[in-house]
2 protein chains.
Amino acid sequence: MGRWEPDARERLVRAALDLFSEQGYENTAVAQIAERAGLTKSTFFRHFRDKREVLFGGQDVLAELMTGAISGAPEEAGPLEAVEAALVATAVTFTDERRAHGPQRLAVIAGNDELRERAALKMVGFAVAMTDALKRRGVPELEAAVAAELGVLAFNHGYERWLETGGDFAEVTRRTFSDVRAAVGSLEGAE
Amino acid sequence: MGRWEPDARERLVRAALDLFSEQGYENTAVAQIAERAGLTKSTFFRHFRDKREVLFGGQDVLAELMTGAISGAPEEAGPLEAVEAALVATAVTFTDERRAHGPQRLAVIAGNDELRERAALKMVGFAVAMTDALKRRGVPELEAAVAAELGVLAFNHGYERWLETGGDFAEVTRRTFSDVRAAVGSLEGAE
DNA sequence: TACGGTGATGAGACCAAGTCCCATCACATG
DNA sequence: CATGTGATGGGACTTGGTCTCATCACCGTA
């Protein structure tokens with residue numbers, strides 16, 4: 001596993017994040033990112049499938065953590081409890097270091113359609129993963145889909161709250177999920 | 001409003017859909033689509049922002065129909081009733097002619113990541129549009145988001161059901177949304 | 001110390017998506 | 001018949017993304 005300067009991948013992420021912030025996503029060429037990281041275009045595409053992916057690395061790990069938690073939830077747990085376990089299970093990846101450049105990352109994504117598109121796909125990926133995992137537990141199709149969708153909603157809101165308020169991701173997300181469930185209750189009760 | 005052969009846009013859509021089915025999305029060049037439609041690459045990009053968009057035309061109209069219906073819903077209507085009205089309002093665009101190439105379109109989209117990505121973005125667009133429209137009615141943030149998300153879920157499932165079973169889109173969607181609400185009820189009651 | 005294997009990188013050709021600018025054509029109007 | 005307008009054609013150009021081959025650092029081993 002020989003290497004010149006270590007952490008090529010992380011260097012690319014940092015360079016990309018900074019350049020996107022400075023000049024905007026579409027005004028930044030991949031070659032420029034690679035150059036700032038002391039690498040070349042070839043190496044960039046060896047680490048990331050495309051230009052967008054440099055901002056979304058490790059999301060597949062999240063999906064695996066979610067499905068793992070749902071599969072491993074106790075027999076008696078209902079779908080919503082399983083989904084909550086899935087959200088909590090992702091907390092291990094949300095370190096303080098990751099929290100540091102979270103706002104910068106969010107701002108870049110919000111400012112570009114291609115990136116919002118990629119973000120949307122990732123969320124759909126989470127929803128599908130959780131839906132499938134729930135169905136494997138015997139949860140009916142529609143109930144599984146609804147539970148998963150509520151989970152993704154809580155995940156997104158929870159992530160933003162976590163960036164704003166800090167604290168433990170698991171704790172913040174649990175609260176957020178509880179708020180979502182309360183909102184569902186209000187909706188059902190209102191009519 | 002001069003024009004040689006009429007309906008350039010529709011010809012492009014047909015050509016694209018057929019070529020994508022025959023050879024796959026990524027094996028089809030924009031120039032090829034334009035050629036089959038008797039046009040050129042320039043004209044293609046004058047009608048569609050990018051290669052993907054040729055399969056997603058008119059989705060902005062749907063979003064407007066949804067927000068219009070939510071804004072125009074009676075005062076007493078709850079969030080879920082407003083969302084149901086939004087779904088029903090889109091029915092006018094789902095003609096028999098559109099239903100004809102629906103399955104072909106779905107198959108093409110399912111077979112390519114870029115296209116699923118674009119589809120995901122469109123759904124997020126619907127969710128955001130409905131959420132905002134609900135908030136303008138005074139619905140609290142989270143309740144609005146949940147209601148909108150349930151609406152999008154019903155919209156997607158309803159669309160597929162409509163393609164399979166036929167009939168009136170409004171009717172199919174109404175039933176689907178009712179099923180989604182029932183699923184929500186089961187979830188809440190289970191724990 | 002020399003040698004070969006391995007994994008990461010560099011370099012450059014190549015194709016297609018998407019942008020831009022300008023010329024051109026059909027049609028309507030005066 | 002002149003003129004304007006909207007849609008199209010054509011081609012140059014940039015960049016994302018793929019592919020192939022050469023190169024370099026490191027590691028183990030003789």
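Just so it is clear, the values below take in all heavy atoms, side chains as well, and ignore hydrogens, waters and symmetry mates. Numbers restart at 1 for each chain; the letters A, B, ... are given by sequence-line order, proteins then strands. Source: prediction; values computed, not measured.
- When hydrophobic residues (I, L, V, M, F, W, Y) are linked wherever their side-chain heavy atoms come within less than 4.5 Å, the members clustered with F45(A) are L12(A), V13(A), L17(A), L19(A), F20(A), Y25(A), V30(A), I33(A), L39(A), F44(A), F48(A), V54(A), L55(A), F56(A), V108(A), I109(A), L115(A).
- K41(A) is linked by a salt bridge (charged side-chain N to carboxylate O under 4.0 Å, His left out) to nothing, counting only residues two or more places apart in sequence or in another chain.
- Contacts with DNA chain D (heavy atom under 4.0 Å) in residues 40-53 of chain B: T40(B), S42(B), T43(B), R46(B), H47(B), listed by number.
- The interatomic distance linking E117(B) (CD) with dA17(C) (C1') rounds to 15 Å, in whole Å.
- Here R116(B) pairs with D113(B) under the salt bridge (charged side-chain N to carboxylate O under 4.0 Å, His left out) rule; sequence neighbours left out.
- In this structure, the CD atom of E10(A) is 15 Å from the P atom of dA8(C), given to the nearest Å.
- With sequence neighbours excluded, the residues that form a ring-ring contact (aromatic ring centres under 6.0 Å, His included) with F169(B) are F94(B), W162(B).
- What separates CZ of R9(A) from P of dG7(C) is a distance of 18 Å, to the nearest Å.
- Contact check of residues 14-32 of chain B against DNA chain C (heavy atom, cut-off under 4.0 Å) returns T28(B), A29(B), V30(B).
- Cluster partners of V128(A) are V124(A), counting Ile, Leu, Val, Met, Phe, Trp and Tyr whose side-chain heavy atoms approach within less than 4.5 Å, directly or via other members.
- Legend: side chain to side chain donor-acceptor pair (under 3.5 Å) pairs involving residues 83-100 of chain B, not counting sequence neighbours, sorted by first then second residue: T93(B)-R98(B).
- Every residue meeting the salt bridge (charged side-chain N to carboxylate O under 4.0 Å, His left out) condition with E22(B), not counting sequence neighbours, appears here in chain and number order: R36(B).
- Put simply, CG on N112(B) is 14 Å from C1' on dA17(C), counting in whole angstrom units.
- Here dT8(D) presents its P atom at 17 Å from CD of E35(B), a figure rounded to the nearest Å.
- Atom pair I33(A):CD1 and dT9(C):P shows a separation of 16 Å (rounding to whole Å applied).
- A salt bridge links D179(A) with R161(A): the closest approach of a Lys/Arg side-chain nitrogen to an acidic carboxylate oxygen falls below 4.0 angstrom.
- Going from atom CG of L39(B) over to atom P of dG10(D) covers 11 Å, rounded to whole Å.
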